[in-house]
A.B. asks: 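Have a look at the structure that comes next, please.
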Amino acid sequence: MTPDQIAKNGSEHAIQSALFAWAAVAENHGFEVADLWAETNDAKAFLTSKKQGIPELRWLYAVPNGGSRGDNEKSRKIRGGKMKAEGLRDGVADIFWPVPRFPFPGLYIEMKTPTGTIRPQAQREFRTFVMSQGYAHSYERSWRSAAELIKFYYAQDARFQQKDK
């Protein structure tokens, strides 16, 4: 399954899952092969790989800060309470990559659907805080835009700008 097929239903979960599928290929085979595979769904893309992946992508991770927490109201309340007790914080970005690229010590990504809204208080407050601490932060509305951001960030691309979409 390609990232586009994974992201087909358009939910934030699907878009984020698509990004992680792309990142898994890039971790093992590099950005070019991951992009070729995502575009063509052709297994031959892997034959061209020299196995020169991006090992740092192993540490790209999702922050479990939302989504379904149970099958009914009671189980959702129980799971939500447990998650808060474990340190869940409202507004924290969906994805973090603890890879420093000058001048940033790491990259936060908040995933949104193309029509999703940014919760003004919690998400903007988190963004303001982490940026004040020197971290990069971006809102992304597709797996492709998040993948491009990761490539630019990794390459220390001068075009990388913190953007508020």
Side-chain angles (χ1 to χ4, degrees), residues 3-4 6-32 34-35 38 53-70 76-165:
D4 283 335
I6 295 168
K8 188 175 183 176
N9 80 10
S11 70
E12 188 175 308
H13 168 77
I15 294 167
Q16 187 168 318
S17 296
L19 175 66
F20 276 88
W22 171 87
V25 173
E27 176 188 344
N28 292 298
H29 300 280
F31 293 135
E32 285 184 29
D35 291 343
I54 312 297
E56 293 90 341
L57 282 170
R58 175 181 182 202
W59 303 110
L60 181 72
Y61 66 89
V63 178
N65 57 5
S68 178
R69 295 185 182 147
R76 282 190 292 276
K77 285 183 179 181
I78 291 169
R79 181 67 184 136
K82 286 181 179 180
M83 291 176 76
K84 286 181 181 179
E86 292 171 355
L88 175 77
R89 296 289 180 258
D90 191 35
V92 173
D94 296 311
I95 299 169
F96 182 61
W97 196 22
V99 172
R101 288 293 182 264
F102 184 81
F104 309 108
L107 171 64
Y108 282 97
I109 303 172
E110 175 63 38
M111 297 300 297
K112 290 292 175 193
T113 65
T115 59
T117 58
I118 296 155
R119 289 180 286 138
Q121 184 178 358
Q123 290 179 340
R124 289 187 191 273
E125 187 177 316
F126 178 79
R127 174 186 167 91
T128 298
F129 172 74
V130 298
M131 289 174 61
S132 76
Q133 300 301 306
Y135 289 91
H137 183 290
S138 185
Y139 299 111
E140 298 300 329
R141 297 188 175 276
S142 73
W143 78 263
R144 288 182 184 273
S145 67
E148 288 301 313
L149 174 72
I150 288 169
K151 291 189 296 188
F152 289 152
Y153 179 83
Y154 185 75
Q156 300 181 49
D157 194 302
R159 293 173 290 181
F160 176 80
Q161 296 178 8
Q162 301 208 25
K163 49 193 171 185
D164 188 0
K165 296 181 184 177

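Note: hydrogens, waters and symmetry copies are ignored here, and every other heavy atom, side chains too, is used.
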A.B. asks: Can you tell if the side chain of I150 reaches within under 4.5 Å of the side chain of I54, non-hydrogen atoms only?
C.D. replies: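 I150 does not reach I54 side chain to side chain.
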A.B. asks: Any donor-acceptor pair under 3.5 Å linking the side chain of R127 with the backbone of H137?
C.D. replies: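 Yes; at least one donor-acceptor contact below 3.5 Å.
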A.B. asks: What pair of heavy atoms forms the shortest contact from A62 to Q16, and how long is it?
C.D. replies: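 For A62 versus Q16, the nearest heavy atoms are CB-NE2, 3.3 Å.
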A.B. asks: Would a 4.5 Å heavy-atom cut-off, applied to side chains only, mark W143 and S17 as touching?
C.D. replies: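 SC-SC contact between W143 and S17 ruled out.
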A.B. asks: Not counting sequence neighbours, which residues clear side chain to side chain donor-acceptor pair (under 3.5 Å) with S11? List them please.
C.D. replies: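 With neighbours one apart ignored, the set is N9.
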A.B. asks: List the atom of S138, the atom of L149, and the distance in Å for their closest heavy-atom pair.
C.D. replies: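 Taking every non-hydrogen atom into account, CB-CD2, 3.6 Å.
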A.B. asks: Is a side-chain N or O of Y154 found less than 3.5 angstrom from the main chain of L57, in a donor-acceptor match?
C.D. replies: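 Such a contact is absent between Y154 side chain and L57 backbone.
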A.B. asks: With rounding to the nearest 0.5 angstrom, report the CZ to NZ distance, R79 to K84.
C.D. replies: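 One finds 13.0 Å between CZ of R79 and NZ of K84.
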A.B. asks: Identify the heavy atoms of A93 and F126 that sit nearest to each other, and give their distance.
C.D. replies: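 What the structure gives for the nearest pair is N-CE2, 3.4 Å.
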A.B. asks: Is the closest side-chain heavy-atom distance between R124 and E110 below 4.5 Å?
C.D. replies: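 In short, these two side chains do not touch, never coming nearer than 4.5 Å.
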A.B. asks: Is any side-chain heavy atom of Y135 closer than 4.5 Å to a side-chain heavy atom of F104?
C.D. replies: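 Not in contact.
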A.B. asks: Do the non-hydrogen side-chain atoms of I95 and L60 ever get within less than 4.5 Å of each other?
C.D. replies: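 Side-chain contact under 4.5 Å: yes.
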A.B. asks: Any donor and acceptor pair, going by atom type alone, linking the side chain of K112 with main-chain N or O of T117 inside 3.5 Å?
C.D. replies: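 Yes, the answer is positive, given that a donor and an acceptor are paired below the 3.5 Å cut-off.
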A.B. asks: Looking at E140 and S145, what are the two nearest heavy atoms and their distance?
C.D. replies: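 Shortest heavy-atom contact: OE1-OG, 2.8 Å.
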A.B. asks: Quick one: closest heavy-atom pair of I15 and P114, and the distance?
C.D. replies: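 Scanning both residues completely, I find the closest heavy atoms to be CD1-CD, 4.2 Å.
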A.B. asks: Quick check: do R144 and D4 have side-chain heavy atoms less than 4.5 Å from each other?
C.D. replies: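 Side-chain contact under 4.5 Å: yes.
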A.B. asks: Can you name the nearest heavy-atom pair linking P64 to L88, along with the distance?
C.D. replies: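 Reported closest heavy-atom pair: O-CD1, 3.1 Å.
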A.B. asks: If I take atom OG from residue S142 and atom CD from residue E148, how far apart are they, to the nearest 0.5 angstrom?
C.D. replies: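 Nearest 0.5 Å value for the OG-CD distance: 9.0 Å.
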A.B. asks: Tell me, which pairs form a side-chain hydrogen bond (donor to acceptor under 3.5 Å, both in side chains) where one or both residues lie in residues 85-102, sequence neighbours left out?
C.D. replies: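 Pairs touching residues 85-102 that pass the test: D90-R119.
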A.B. asks: Residues in ring pair (Phe, Tyr, Trp, His ring centres under 6.0 Å) with F129, at least two apart?
C.D. replies: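 Partners of F129 by the ring pair (Phe, Tyr, Trp, His ring centres under 6.0 Å) criterion come out as none, since no residue qualifies.
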A.B. asks: Quick check for you: to the nearest 0.5 Å, what is the distance between H13 atom NE2 and I6 atom CD1?
C.D. replies: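 Taking NE2 in H13 and CD1 in I6, the distance rounds to 9.5 Å.
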A.B. asks: Under the side-chain contact (heavy atoms from CB on, under 4.5 Å) criterion, do F20 and E27 qualify, and how do the steps go?
C.D. replies: CA-CA 10 Å; F20 276 88; E27 176 188 344; over 6 Å; no
A.B. asks: State whether the number of non-hydrogen atoms from other residues, nucleotides or ligands found under 6.0 Å of E12 atom CD is greater than 12.
C.D. replies: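 Counting neighbours around CD of E12, more than 12 heavy atoms of other residues, nucleotides or ligands fall under 6.0 Å, so yes.
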